[in-house]
Chemist: 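Handing you a structure now.
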Amino acid sequence: MYQQDEDKRDRRRKNGIGNYNYYKMFGCFNRKFKISDLGPPQDVIEVFRLYSTDGSEMLPDKFLLFLTEFQGEEGITIEDAQQIMDRVLDLSTSHLTRYAFTVNDFFHYLLDEINGPLKTQVHQDMTAPLQHYFIYTGHNSYLTGNQLSSDSSEVPIIRALQRGVRGIELDLWPNNARDGIHVLHGRTLTTPVTLLKCLKSIKEHAFVQSPYPVIITLEDHLTPSLQAKVAEMVTSTFGDMLYFPHPSDKDEFPSPDELKYHIILSTKPPKEYLPSKNAHKRRSSVDKDSSDDEWEDLRSNSDDDDDDTYSISDRSYFCPSSDRCSASSSTHRMSDILGVDYEDDDNEDEKSGHQTALEYKHLIAIHASKPKKGTRKALMDEPGKAKRLSVSEQALQRAASLYGADIVRFTQKYILRVFPKGTRVTSTNFRPLTAWMHGAQMVAFNMQGYGRSLWMMHGMFRANGGCGYVRKPDFLMQKGPNGEVFDPKATLPVKTTLKVKVYMGDGWRLDFSQTHFDAYSPPDFYTKINMRGVAVDVSKKRTRVIVDDWTPTWNEEFTFPLRVPELALLEILVQEYDVDRADFAGQTCLPVSELRPGIRVVPLHNKKGEKFKSVKLLMRFLFV
């Protein structure tokens with residue numbers, strides 16, 4: 001790894017003619033800038049002296065002491081220390097014959113990916129029921145771009161699974177001939193992909209990144225006869241991978257450990273798709289049973305989990321079968337808003353095919369429900385019925401402000417899924433922390449987008465080895481003697497203080513062209529360090545700007561008092577200073593509760609969350 005970096009660096013230096021970079025000004029003369037040598041910060045030199053012999057070399061026993069005392073590593077043996085030293089020194093191919101670090105070797109170790117800020121293995125207890133975990137969840141997982149006109153494809157599903165996403169959403173609609181099943185965002189201009197192609201892709205990639213269960217949430221717009229086809233496709237595609245629900249599941253969800261290497265289906269039971277005999281009566285019953293607040297909740301949640309309907313230039317709403325769009329669009333729209341089922345030409349088909357859908361019903365391991373009579377009533381306990389409730393981001397925000405404790409109690413026993421509002425047509429996302437603070441397990445995100453909200457999602461699920469399941473803090477699963485639960489708005493004492501020191505950054509010269517940030521000079525980098533979490537823990541810091549330097553050295557320390565470190569995320573953003581607008585230079589987001597103390601290398605990612613090959617920061621984390 002380091003030999004490759006050094007080779008790249010040598011080539012860049014040759015291009016810069018010696019130890020200088022030259023930038024052409026106005027096409028007629030050159031500006032010369034000295035290239036900073038990459039060397040260890042003063043703190044690193046002092047730590048090396050502390051754990052070395054006579055300040056000249058660090059032997060395995062001293063290196064082991066450094067790892068356990070300074071870095072807080074546990075379970076490390078002298079053999080482990082020697083293996084790490086071998087990795088850095090590459091004894092198998094070099095002329096060296098003994099394990100001994102110079103200060104530069106030690107510095108190279110600190111910059112090695114093995115010294116990252118997070119554990120890379122699953123280390124949390126995975127034997128609790130599913131509702132005890134935050135679950136990495138996608139929204140409209142098949143879309144390649146925006147919510148209105150992008151292509152539907154199996155490719156985004158594959159990418160999500162490779163990243164560790166465990167919740168995949170598929171919207172099922174009849175094809176034009178009404179004899180097959182398409183996956184697409186209904187009543188929009190999105191192009192379809194076949195269900196079978198999606199299922200095969202899930203089977204092939206489900207457990208490449210993580211062995212823990214994949215939950216497929218189906219948004220089902222099918223007749224019973226087509227539901228029977230889904231059952232056949234699912235069972236034939238997944239075989240033994242498909243989880244068949246057990247009678248005991250009605251009382252409590254199984255654990256991720258019990259469900260390893262299994263595919264789980266979650267949707268509404270087919271009986272909820274039978275036509276209503278009198279839609280007006282159902283609307284009246286909602287009026288009678290619901291307060292004005294609950295009616296607002298009801299309007300913000302459509303009949304399906306998150307079946308958002310869009311208006312395009314004030315024209316009719318679009319649906320997958322073009323011959324049905326114009327005639328039925330207004331009826332479908334009213335059904336979506338009110339949460340009622342209107343009769344249409346498909347009723348006879350639904351009645352005749354109801355028995356054939358029984359097999360489909362028996363495959364549903366997690367029964368989904370919707371807040372037809374308002375969110376607060378939907379959050380009530382229903383003994384003997386393990387379920388999943390879906391609400392929109394607006395409904396969640398409203399509920400959190402009015403009756404947040406009810407959400408926390410609900411998520412101690414059941415699964416809550418929160419999906420983006422329908423106006424996010426460009427596939428943006430909402431801030432997930434409110435949902436997590438109230439215990440919501442499945443915060444469904446548009447994984448094909450980018451932005452700070454998605455960076456937070458990436459950060460949360462870098463925890464626990466990136467397996468897609470993160471154990472919720474114990475306080476979210478506990479009740480006091482009088483039934484009281486965690487309140488994110490409560491005034492709490494400081495539990496711990498995190499000190500973050502930003503030493504230096506490197507790698508931009510290897511991953512970017514010389515004029516990427518500035519055509520006339522080297523970049524002017526600075527780093528933003530933001531703490532995300534409960535309101536009282538939120539804080540923003542930044543370093544000074546280092547001018548004209550591809551390898552900036554800051555040596556600045558920041559302090560973050562934390563009341564709820566279990567839900568805190570450390571957001572790190574490097575930017576290149578510009579008078580008009582700062583240029584993006586890398587980002588990452590790290591779960592504070594998982595940070596490994598000591599001096600660590602922190603790899604940075606691009607806007608989409610893909611890790612750069614070389615760009616990284618050297619930082620120190622210390623909990624007081």
Chemist: Using the ring centroid of each side chain, check whether W173 and H221 are separated by less than 6.0 Å.
Modeler: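 Centroid separation for W173 and H221: below 6.0 Å.
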Chemist: I want to check something: taking the side chain as every heavy atom from C-beta on, are L172 and L226 in contact at a cut-off of under 4.5 Å?
Modeler: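 Of all side-chain heavy-atom pairs linking L226 with L172, none is under 4.5 Å.
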Chemist: Taking distance alone, no hydrogens or angles, what donor-acceptor pairs closer than 3.5 Å link side-chain atoms of residues 199-214 to residues at least two apart or in another chain?
Modeler:
residue: S201; atom: OG; partner: K197; partner atom: O; Å: 3.0
residue: K203; atom: NZ; partner: T237; partner atom: O; Å: 3.2
residue: H205; atom: ND1; partner: S201; partner atom: O; Å: 3.1
residue: S210; atom: OG; partner: Y212; partner atom: N; Å: 3.2
residue: S210; atom: OG; partner: C467; partner atom: O; Å: 2.7

Chemist: Minimum heavy-atom separation for Q441 and Q131, please, with both atom names.
Modeler: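 Looking at all heavy atoms of both residues, the shortest contact is NE2-O, 2.9 Å.
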Chemist: With the side chain counted from C-beta on, respond yes when M233 and L195 share a heavy-atom pair under 4.5 Å apart, and no when they do not.
Modeler: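 Yes, side chains in contact.
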Chemist: Would a 4.5 Å heavy-atom cut-off, applied to side chains only, mark S149 and T188 as touching?
Modeler: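 Not touching, per the 4.5 Å side-chain cut-off.
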Chemist: Answer yes or no on whether K387 is positioned over the face of Y414, meaning its NZ or CZ is under 6.0 Å from the six-membered ring centre and within 45° of the axis.
Modeler: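 That pair qualifies as a cation-pi contact.
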Chemist: Suppose we screen for side chain to side chain donor-acceptor pair (under 3.5 Å). Which residues come up paired with D406, at least two apart in sequence or across chains?
Modeler: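 D406: side chain to side chain donor-acceptor pair (under 3.5 Å) contacts with R376, R409.
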Chemist: For Y142 and D171, test the side chains for any donor-to-acceptor distance below 3.5 angstrom and give the result as yes or no.
Modeler: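 Side chains of Y142 and D171: pair found under 3.5 Å.
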Chemist: Checking side-chain contact (heavy atoms from CB on, under 4.5 Å) between P591 and each of L569, L570, N464, L567, which is the one that passes?
Modeler: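 Exactly one candidate clears the test, L569.
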Chemist: So, S141 side chain and I168 main chain: donor-acceptor pair closer than 3.5 Å or not?
Modeler: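 The answer is no, because no donor-acceptor pair under 3.5 Å joins these two groups.
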Chemist: With salt bridge (Lys or Arg N to Asp or Glu O under 4.0 Å) as the rule and sequence neighbours excluded, what pairs involving residues 574-592 come up?
Modeler: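 Residue pairs passing salt bridge (Lys or Arg N to Asp or Glu O under 4.0 Å), neighbours aside: R581-D583.
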Chemist: Between T588 and R462, what is the shortest heavy-atom contact and its length?
Modeler: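 For T588 and R462, the tightest heavy-atom pair comes out as OG1-NH1, 3.5 Å.
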Chemist: Donor-acceptor check, side chain of Q587 to backbone of L604, threshold 3.5 angstrom: yes or no?
Modeler: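 Such a contact is absent between Q587 side chain and L604 backbone.
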Chemist: Is there a side-chain contact (heavy atoms from CB on, under 4.5 Å) between R388 and I215? Walk through the geometry before answering.
Modeler: CA-CA 12 Å; R388 170 177 67 83; I215 302 172; 5.9 Å; no
Chemist: Please name all residues satisfying side-chain contact (heavy atoms from CB on, under 4.5 Å) with A585, sequence neighbours left out, ordered by chain then number.
Modeler: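 Only W508, F517, F525, V574 meet the side-chain contact (heavy atoms from CB on, under 4.5 Å) criterion with A585.
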Chemist: Out of curiosity, H605 NE2 to I572 CD1, how far, rounded to the nearest 0.5 Å?
Modeler: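 Output value for this atom pair is 10.5 Å.
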Chemist: State the NE2-CD distance between H132 and Q412, to the nearest 0.5 angstrom.
Modeler: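 Reported value, rounded in 0.5 Å steps: 8.5 Å.
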Chemist: Please give me the minimum heavy-atom distance between L143 and S152, naming the atom from each residue.
Modeler: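 Looking at all heavy atoms of both residues, the closest pair is CD2-OG, 3.8 Å.
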Chemist: Report the C-alpha distance between V165 and I157 in whole Å, list the side-chain angles of each, state the deciding distance to 0.1 Å, and finish with yes or no for side-chain contact (heavy atoms from CB on, under 4.5 Å).
Modeler: CA-CA 9 Å; V165 172; I157 297 173; over 6 Å; no
Chemist: Could you pull out the closest heavy-atom pair between V418 and A435, with the gap in Å?
Modeler: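 Shortest heavy-atom contact: CG2-CB, 4.2 Å.
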Chemist: To the nearest 0.5 Å, how far apart are CZ in F461 and CE in M456?
Modeler: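 Interatomic distance, F461 CZ to M456 CE, rounded to 0.5 Å: 14.0 Å.
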Chemist: For the side chain of W455 and the backbone of K607, is there at least one donor-acceptor N/O pair under 3.5 Å apart?
Modeler: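 Such a contact is found between W455 side chain and K607 backbone.
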Chemist: Decide if the gap between the ring center of F445 and the ring center of F430 is smaller than 6.0 angstrom.
Modeler: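 When the ring centroids of F445 and F430 are compared, they turn out to be within the sub-6.0 Å range.
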Chemist: Using modelled atom types only, decide if a donor and an acceptor are shared between the side chain of T137 and the backbone of M442 within a distance under 3.5 Å.
Modeler: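 Flag not set: sc T137 to bb M442 has no pair under 3.5 Å.
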Chemist: Relative to each other, are the rings of Y136 and H458 parallel, tilted or perpendicular (30° and 60° limits)?
Modeler: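 Judged by the thresholds at 30° and 60°, the geometry between Y136 and H458 is perpendicular.
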Chemist: Strictly distance-based, threshold 3.5 Å: is any side-chain N or O of T190 a donor or acceptor partner for the main-chain N or O of H185?
Modeler: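 Checking the backbone N and O of H185 against the side chain of T190, a donor-acceptor pair under 3.5 Å is found.
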Chemist: With a 6.0 Å cut-off on ring centres, are F410 and Y403 close enough?
Modeler: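 Ring centres of Y403 and F410 not closer than 6.0 Å.
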Chemist: Do L476 and T411 have side chains that get closer than 4.5 Å, going by heavy atoms?
Modeler: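 No, too far: nothing below the 4.5 Å cut-off.
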Chemist: For T428 and T426, indicate whether the former's side chain and the latter's backbone hold a donor-acceptor pair under 3.5 Å.
Modeler: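 The answer is no, because no donor-acceptor pair under 3.5 Å joins these two groups.
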Chemist: Do N429 side-chain atoms and G449 backbone N/O form a donor-acceptor pair below 3.5 Å?
Modeler: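 A pair under 3.5 Å: no.
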Chemist: S427: what forms a side-chain contact (heavy atoms from CB on, under 4.5 Å) with it, not counting sequence neighbours?
Modeler: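 Applying side-chain contact (heavy atoms from CB on, under 4.5 Å) to S427 gives Q147, N446, Q448.
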Chemist: Calculate, to the nearest 0.5 Å, the distance between atoms NZ and OG1 belonging to K372 and T375 respectively.
Modeler: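 The OG1 atom of T375 is 14.5 Å from NZ of K372, to the nearest 0.5 Å.
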Chemist: Do I264 and F253 have side chains that approach each other closer than 4.5 Å (heavy atoms only, starting at C-beta)?
Modeler: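 No. Closest side-chain heavy atoms not under 4.5 Å.
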Chemist: Taking the side chain as every heavy atom from C-beta outward, state whether L396 and L416 have any pair of such atoms under 4.5 Å apart.
Modeler: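 Touching, per the 4.5 Å side-chain cut-off.
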Chemist: For the residue pair Y526 and Q575, confirm or rule out a side-chain donor-acceptor distance under 3.5 Å.
Modeler: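 Yes.
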Chemist: May I ask you to decide if T144's main-chain N or O and D151's side chain share a donor-acceptor pair within less than 3.5 Å?
Modeler: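 Not a single qualifying donor-acceptor pair exists.
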Chemist: Can you find a pair of side-chain heavy atoms, one from R471 and one from M477, that are under 4.5 Å apart?
Modeler: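 They are not in contact (no side-chain heavy atoms under 4.5 Å apart), so the answer is no.
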Chemist: Who passes side-chain contact (heavy atoms from CB on, under 4.5 Å) against V538, sequence neighbours left out?
Modeler: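 If we apply the side-chain contact (heavy atoms from CB on, under 4.5 Å) test to V538, skipping adjacent residues, there are no hits.
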Chemist: How far apart are the closest heavy atoms of V602 and L590, and which atoms are they?
Modeler: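 Shortest heavy-atom contact: CG1-CD1, 4.2 Å.
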Chemist: Considering all heavy atoms of both residues, which atom of A400 and which atom of K489 are nearest to each other, and what is their separation?
Modeler: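 Closest heavy-atom pair between A400 and K489: O-NZ, 3.5 Å.
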Chemist: Quick one: CD on E571 to CG on N530, what's the gap to the nearest 0.5 Å?
Modeler: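 Going from the CD atom of E571 to the CG atom of N530 covers 5.0 Å.
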Chemist: How far apart are the C-alpha atoms of M457 and M460, what are their side-chain angles, what is the distance that settles it, and do they pass the side-chain contact (heavy atoms from CB on, under 4.5 Å) test?
Modeler: CA-CA 5 Å; M457 179 66 68; M460 169 63 84; 5.5 Å; no
Chemist: Listed by chain and number, what are the side-chain contact (heavy atoms from CB on, under 4.5 Å) partners of P488, not counting sequence neighbours?
Modeler: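 Counting only residues at least two positions away or on another chain, P488 forms a side-chain contact (heavy atoms from CB on, under 4.5 Å) with M437, H438, F486.
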Chemist: If the condition is side chain to side chain donor-acceptor pair (under 3.5 Å), which residues does S453 pass it with, not counting sequence neighbours?
Modeler: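 S453: side chain to side chain donor-acceptor pair (under 3.5 Å) contacts with R431.
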Chemist: Let me see the working for F134 and V443 under side-chain contact (heavy atoms from CB on, under 4.5 Å), right down to the final yes or no.
Modeler: CA-CA 8 Å; F134 296 125; V443 182; over 6 Å; no
Chemist: Counting only N and O atoms by type, is there a donor-acceptor contact under 3.5 Å from the side chain of E169 to the main-chain atoms of H139?
Modeler: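 No; judged by distance alone, with no hydrogens or angles, the pair does not exist.
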Chemist: Residues two or more places apart in sequence or in another chain: which of them pass side chain to side chain donor-acceptor pair (under 3.5 Å) with Q397?
Modeler: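 Per chain and number, Q397 pairs via side chain to side chain donor-acceptor pair (under 3.5 Å) with no residue.
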Chemist: Could I get the full list of ring-ring contact (aromatic ring centres under 6.0 Å, His included) partners for Y469, not counting sequence neighbours?
Modeler: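 None.
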Chemist: Partners of Y133 by ring-ring contact (aromatic ring centres under 6.0 Å, His included), sequence neighbours excluded?
Modeler: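 For Y133 there are no ring-ring contact (aromatic ring centres under 6.0 Å, His included) partners, ignoring immediate neighbours.
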Chemist: What is the distance from atom CG of L259 to atom CZ of R166, rounded to the nearest 0.5 Å?
Modeler: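 The CZ atom of R166 is 12.0 Å from CG of L259, to the nearest 0.5 Å.
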Chemist: Which residues pass the side chain to side chain donor-acceptor pair (under 3.5 Å) test with K472, sequence neighbours left out?
Modeler: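 K472 satisfies side chain to side chain donor-acceptor pair (under 3.5 Å) with no other residue.
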Chemist: For a 4.5 angstrom cut-off between non-hydrogen side-chain atoms, does M531 reach L562?
Modeler: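 With C-beta onward as the side chain, the pair touches.
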